[in-house]
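Below is one structure, written out as structure tokens; the observations come after it.
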Amino acid sequence: GTWQVTGQRIESAAMAGDGSLVLLGSRDNALYAFDVRGEPLWTFPTQGPVAGVDLSADASRIVLACEDRNIYMLDGAGQLLWTYAGSRPWNDVALAPDGSLIAAVSANETVVALGSDGAVLWETAIRMPADAVDVYGQGDNARVLVGNQAAEALLLARDGSNLIHAQLDYDIHAIDASANGALWVIGAIDGSVQLVDGSSGAVLWSYRTGGEVRSVSISADGSHILAGSEDGKGYLLDAQGKVLASDALGDYVLATVISA
């Protein structure tokens, strides 16, 4: 079935792999949780718009990045576990599937990694501020994927060391990786959706939409990609870049999520 939420501008979204929990981060200073039927479960209030949200594979941990300069860690019922305060508003946040590593980016030219308890593990400088971050893998094999305003896609090891530096052509608004990191999908300021080889950083294909691409999501197996554009459309593509569906939604599409 389908359902919709009206009245809020949604900035970020996340969903459990089985679709049982849907999280929407809003500009009205709140995170909203819904079940698979669209029934409200709970609301977590913040002091600023929710720019990014992610959850663990078992949906027991939820992390959100907020323009109030805080990273919030919640349990699966929306109860606050801890808060980490930054010096600037946060742009995005990502959580390892096992909940062991949190990575966040802000207007500062750094990537910050936190442990499951909110303690800082490392902070790595990057050349320009980043709008997008993702984490894939678990334990010591967790990897942090960052897209910044210098058109760089950066892959970092769990300890923050650099593994891959891919120089693209346009600033990166959004980034997401398949479950094993073999494929990355990128949304860029030029309106393109790009699929990247996760072992080399090479662009495999690019599809141009009619506006800046603010949100992208790739299925766990890398077979499907969902992208949202400022042309007011959502695009569903396959792994070869073929458009399977394109729906006009009437406004900028700022958040997309695709289930496993």
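- Considering all non-hydrogen atoms of both residues, Ala174 and Ala132 come closest at CA-CB, 3.6 Å.
- Remark: Asp231 does not engage Lys233 in a salt bridge, criterion side-chain N to carboxylate O under 4.0 Å.
- By the 4.5 Å heavy-atom criterion applied to side chains, Leu155 and Trp184 are counted as neighbours.
- The hydrophobic clustering, which links ILVMFWY residues whose side-chain heavy atoms are closer than 4.5 Å, places Leu64 and Val120 apart.
- Leu249 and Ile225 fall into different hydrophobic clusters, where Ile, Leu, Val, Met, Phe, Trp and Tyr residues are linked whenever their side-chain heavy atoms come under 4.5 Å apart, directly or through other members.
- Listed here is the closest heavy atom pair of Ile175 and Ala153: CD1-CB, 4.3 Å.
- The minimum heavy-atom distance between Ser106 and Arg88, with the atom names listed, is OG-CB, 4.2 Å.
- For Asp117, the CG atom sits in a packed shell: over 12 heavy atoms of surrounding residues, nucleotides or ligands are nearer than 6.0 Å.
- Considering only heavy atoms from C-beta on, Leu236 comes within 4.5 Å of Ile258 through its side chain.
- Here the side chain of Arg158 pairs a donor or acceptor atom with the backbone of Gly139 at under 3.5 angstrom.
- Counting only heavy atoms from C-beta outward, the side chains of Val93 and Tyr84 never approach each other to under 4.5 Å.
- With rounding to the nearest 0.5 Å, the separation of OG in Ser215 from CD in Glu230 is 10.0 Å.
- Contact check for Met73 versus Leu114: no side-chain heavy atoms found under the 4.5 Å cut-off.
- The pair Arg208-Asp190 meets the salt-bridge criterion, since a charged nitrogen lies less than 4.0 angstrom from a carboxylate oxygen.
- With contacts defined as side-chain heavy-atom distances shorter than 4.5 Å, the pair Trp42/Leu31 qualifies.
- Within the 3.5 Å criterion, the main-chain N or O of Arg61 finds a donor-acceptor partner in the side chain of Ser56.
- Side-chain atoms of Asn70 never come within 3.5 Å of backbone atoms of Thr83 as a donor-acceptor pair (strictly under, hydrogens ignored).
- Checked by atom type and distance alone, the side chain of Asp92 never pairs as donor or acceptor with a backbone atom of Val105 at under 3.5 Å.
- At a threshold of 4.5 Å between side-chain heavy atoms, the hydrophobic network of Ile, Leu, Val, Met, Phe, Trp and Tyr places Leu156 and Val112 in two separate groups.
- Judged by distance alone, with hydrogens and angles left aside, the side-chain atoms of Trp90 form a donor-acceptor pair with the main-chain N or O of Arg69 at under 3.5 Å.
- Atoms CG and OH, from Leu145 and Tyr136 in turn, are 7.0 Å apart once rounded to the nearest 0.5 Å.
- Counting only distance, with no hydrogens or angles, the side chain of Thr209 and the backbone of Gly191 share a donor-acceptor pair below 3.5 Å.
- Note that CG of Leu154 is 14.5 Å distant from CZ of Arg143, once rounded to the nearest 0.5 Å.
- The structure places OG of Ser12 at 8.0 Å from CG of Leu24, a figure rounded to the nearest 0.5 Å.
- With a 4.5 Å cut-off on side-chain heavy atoms, Val257 and Val22 do not count as touching.
- Side chain of Trp205 to main chain of Lys242: no donor-acceptor pair is present (N/O by atom type, distance under 3.5 Å, no hydrogens or angles).
- Among all heavy-atom pairs drawn from Cys66 and Pro49, the shortest one is SG-O, 3.3 Å.
- Between the Ser26 side chain and the Asp28 main chain, a donor and an acceptor come within less than 3.5 Å of each other.
- Remark: side-chain polar atoms of Asp171 are not paired, donor with acceptor, to backbone N or O of Ile189 under 3.5 angstrom.
- Not one N or O on the side chain of Thr124 forms a donor-acceptor pair closer than 3.5 Å with the backbone of Val111.
- Taking every heavy atom of both residues into account, Ala94 and Val63 meet most closely at C-CG1, 4.4 Å.
- Here the closest non-hydrogen pair linking Leu237 and Gly241 is CD2-O, 3.5 Å.
- Considering CG of Asp131 and CG of Asn148, their distance stands at 9.0 Å, rounded to 0.5 Å.
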Trace of the side chain to side chain contact (heavy atoms under 4.5 Å, CB included) decision for Ile62 with Leu21: CA-CA 11 Å; Ile62 297 165; Leu21 178 64; 4.2 Å; yes
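- By the criterion of side-chain heavy atoms lying less than 4.5 angstrom apart, applied directly or through intervening Ile, Leu, Val, Met, Phe, Trp or Tyr residues, Ile218 is not grouped with Leu168; the two fall into different hydrophobic clusters.
- Using a 4.5 Å cut-off between side-chain heavy atoms of Ile, Leu, Val, Met, Phe, Trp and Tyr, with links allowed through other members, Leu41 and Tyr72 fall into the same hydrophobic cluster.
- In Gln47, the CD atom is not crowded: 12 or fewer heavy atoms of neighbouring residues, nucleotides or ligands sit closer than 6.0 Å.
- With a 4.5 Å cut-off on side-chain heavy atoms, Val185 and Val193 count as touching.
- Using a 4.5 Å cut-off on side-chain heavy atoms (C-beta onward), Val144 and Leu101 make contact.
- With rounding to the nearest 0.5 Å, the separation of OG in Ser199 from CG in Leu183 is 9.0 Å.
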